[in-house]
Amino acid sequence: MPKVTVDGQEIEVPNGATVLQACELAGKEIPRFCYHERLSIAGNCRMCLVEVKPGPPKPQASCALPATEGQEIRTDSEMVKKAREGVLEFLLINHPLDCPICDQGGECDLQDQTLFYGRGASRYHENKRAVTEKYMGPLIKTIMTRCIHCTRCVRFSEEIAGVDEIGALYRGEDMQITTYLEQAASHELSANVIDLCPVGALTSRPFSFEARPWELKKTLSIDVSDATGANIRVDSRGREVLRILPRNNDDVNEEWISDKGRFQADGLIRRRLDRVWIRRGGKLEAALWDDAFAMIAGVNAGSSVAALAGDLLDCETMFAAKKLLGALGSNLIESRQTGMAYDVSNLAGVNFNTSLAEIENADTILIVGSHVRWEAPLLNVRLRKAVKRGAKVFIVGPQWDPTYAAEFLGEDAGVFHDLPSHVTEAFGQAERPAVIVGAGGLVAGALGPALAFAQQHNLVRDGWNGFNVVHTAAARMGALMLGFAQKGGMADIVAAQPKLVLSLGADEVDYSQFPGALKVYIGHHGDKGAHAADIILPASAFTEKAGTYVNTEGRVQFSDKAVFAPGDAREDWTILRALADTLGVSIGFDSFDQLRATMIAEVPALGQEGLAHYGALPLAPRGARATGAIAYPIKDFYLTNPIARASETLQRCSAELLHGQDFAEAAE
Amino acid sequence: MAERAIAQDTPELRARWGNFAWSAENVAKAKEIVGRYPEGRSRSAVMPLLFLAQYQVGAETNTQGWLPIPVMEFIADYLGMPVIRVLEVATFYTMYNLAPVGRYHVQVCGTTPCMLRGSDDLIEACYRRGMRKGHTSPDGLWTFTEVECMGNCASAPMVQINDDNYEDLTVERLDHILNELVAGRQPKTGTQEPGRHTVEPIGGPTTLTDMVSDNHDYRGEWG
């Protein structure tokens, strides 16, 4: 623990800290462009210059200089001030002064730092360098003349994403950042370079020229595009969500989000259900709430009613539905839309117990039936880190490109029962072994065998729980905590032949299984569920209601309401509350706060932000065997939920990046 | 510098170079080069291999050679590294030609010592023959580049043509060299100053003069 002096203030810094980190610990702001906490140190922007004694009598780049005992660091001297002015003047030599038309304006590191540390005027009268535009795909807009060569994007794609797709060509002032042959950046996290770019060189293509950052209302929210529950900030203006940005949360998403989570924002204003529809003679007709409610009451379903929860739901909506059905005397609630029927009697057995942050420390990992890159891109980032630290990864399932060294053991789930000896040996020697069961594994019946595997190899040990299930739906863990599961899964619901089916945004259900039922779709997008429905009640998307979400590791998180739902659409719980009145039952709450309080009273874990505790792992069922070829549930990464399917941006991503359609012309 | 750009990736280029592979002798050479680096560090061989590939392309096209995109992809594949990283190296170093060059790649040094000794006149002489900076002449004979210091300041001004240096140039001497090359003859390389062998002082040595003919022990003369 070296002691250093920063501007006369003596502080102790951790071993291995840099001078820049020491200055930050002392509360001094050090301007920087290329340095980023989560990327390797490049030291090429020179903005973080400070004066350090002992050392050469010149300013030094603090980001790349280790802090050592007895250093005297000055961040406020005349030399530092001059150095910063000099660096900024050099950076601005070739930077266009187009802030008024630049999308980064208002949240630009270069703009801010020039304001605080610059000398106010340029002495440069020569021609500026210009760089031709580069095509980087449908998500990233490039104005490469603005690039200051910090190489954050290059380091991100190489180190975090693990796909070397961005590079710096040529040299000196001719240096250009580009993808290979200007191919589209196609990694699921590629758009994070937009946030990383300290200037306006890489900006969001869908968000270009939409708004200035200071006109946007910022709401803290949770991403629902997958089950990792990434923390996001929803930027809205008026009634429209304009963009979604990641928030820092080291336990969940660090500071990245997937491209799907980021760019499904434009799906929130397309294909929306903004009025009530009733199907008459096979055709949907616009109707009034009262007509719809009367029709629902007219079925006289009694207790023969089922509620199916979709993948994007908040816990409050599901709890309200559960209460409604409970009041009606029914317990037909299910959230696993595609018919999965794994055992949920102990939630520890279907949880990502290691936690997303801890899985980085695993040293031997077996993935059973999960295309992690598509099912949970942010988890894949963690796994990549684990491999960088020396972890061995084995995967049962069809091939995909993990971006790290991994061994595929075979496509058939049966491989799980007959693991090669080097795999079992690796687990025998492992200190922190982990197994990860994905949706493909759950379908193939690998959950029971995985539990047996966990017992056999002692995956739960002191301070370590290596048994993990990774879900694909943001609502799944919340739904399971609320009891949205039948023993036999969807088949039980079908067997009960309910007269009334309430579909809460459930778009993946095969509704032909309910031929005789009145199907009421309470959701926000005109997608598969709405196509099959007899009555459509317009509800709110995740940005239009406050809610509680539980991610795949059992982390309870809260999200706020950013905008109002369009047209006649209401918050989901109010629809269910009104339905209770229509059906003549009481469900015990009249406001959102009451609803939340009732829910927390019944499931206390949902009231506490952070990891829920599910207790010890269940015992493995005897003789459970996984069989059959594993199939991954996600066929198209960009179009997995109704919001994403409605998004033009993601439709184009799917067409261009996954199906090879050529849009190069449209890119100038 | 600024004229450097990667040759366009066209179907014709792919058709011409798409099936590039090491020639019989280069197979062994490439293996030897990769063998110089420790296991798992074969990426380090990217520079010598790019050079080897450039020479092979040169042998096939009877020029100094250059690096078409499919060739760089071949190297990336050979070393198991991302193409963009190969491209970064190839575009960084100016000795890798990114576009086809003519029969003779004339590289005139224009850095200060050569400039003081008249490199501007040499450049003008090259221009008179139809060469243009960064371009190949229409007859495919010349590619002209102005380069930075090649380390021959003691015999400035100098020109490098393909792999040979020609030093102590004047416009007449350069013209003579270029004429010889056009005629298909190999002119004398190195210094063009009559009586000079390498970069010893013109007019004979000025120091250690006693050492010229045989070994001489100076130690007794130190005072």
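The structure displayed is predicted, hence computed values, not measured ones. Chain identifiers are assigned alphabetically (A, B, ...) following the order of the sequence lines, protein sequences preceding nucleic acid strands; residue numbering begins at 1 within each chain.
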How many angstroms lie between atom [atom1] of [X] and atom [atom2] of [Y], to the nearest 0.5 angstrom?
| X | Y | atom1 | atom2 | answer |
| --- | --- | --- | --- | --- |
| B/Phe92 | A/Met175 | CZ | CE | 9.0 Å |
| A/Thr179 | B/Leu87 | OG1 | CG | 10.5 Å |
| A/Asp174 | B/Thr91 | CG | OG1 | 10.5 Å |

Close side-chain approach of B/Thr94 and A/Tyr170, heavy atoms under 4.5 Å: no

Taking the side chain from B/Glu88 and the backbone from A/Leu169, do they hold a donor-acceptor pair closer than 3.5 Å? no

In terms of heavy-atom contacts, does [atom1] of [X] have more than 12 from other residues, nucleotides or ligands at under 6.0 Å?
| X | atom1 | result |
| --- | --- | --- |
| A/Glu431 | CD | no |
| A/Lys141 | NZ | yes |
| A/Tyr124 | OH | yes |
| B/Lys29 | NZ | no |
| A/Asn127 | CG | no |
| B/Gln186 | CD | yes |
| B/Tyr37 | OH | yes |

Interface residues of residues 158-165 of chain A facing chain B - heavy atom cut-off under 4.5 Å: A/Glu158, A/Asp164, A/Glu165

Could you check B/Val86, B/Asp9, B/Ile69 and say which one makes a side-chain contact (heavy atoms from CB on, under 4.5 Å) with A/Tyr180? B/Ile69

Tell me, with the steps shown, if A/Leu181 and B/Glu73 meet side chain to side chain contact (heavy atoms under 4.5 Å, CB included). CA-CA 11 Å; A/Leu181 299 180; B/Glu73 285 172 355; 4.3 Å; yes

Please look at B/Leu98 and chain A and tell me whether the side chain, the backbone, both or neither of the residue comes under 4.5 angstrom of a heavy atom of that chain. side chain

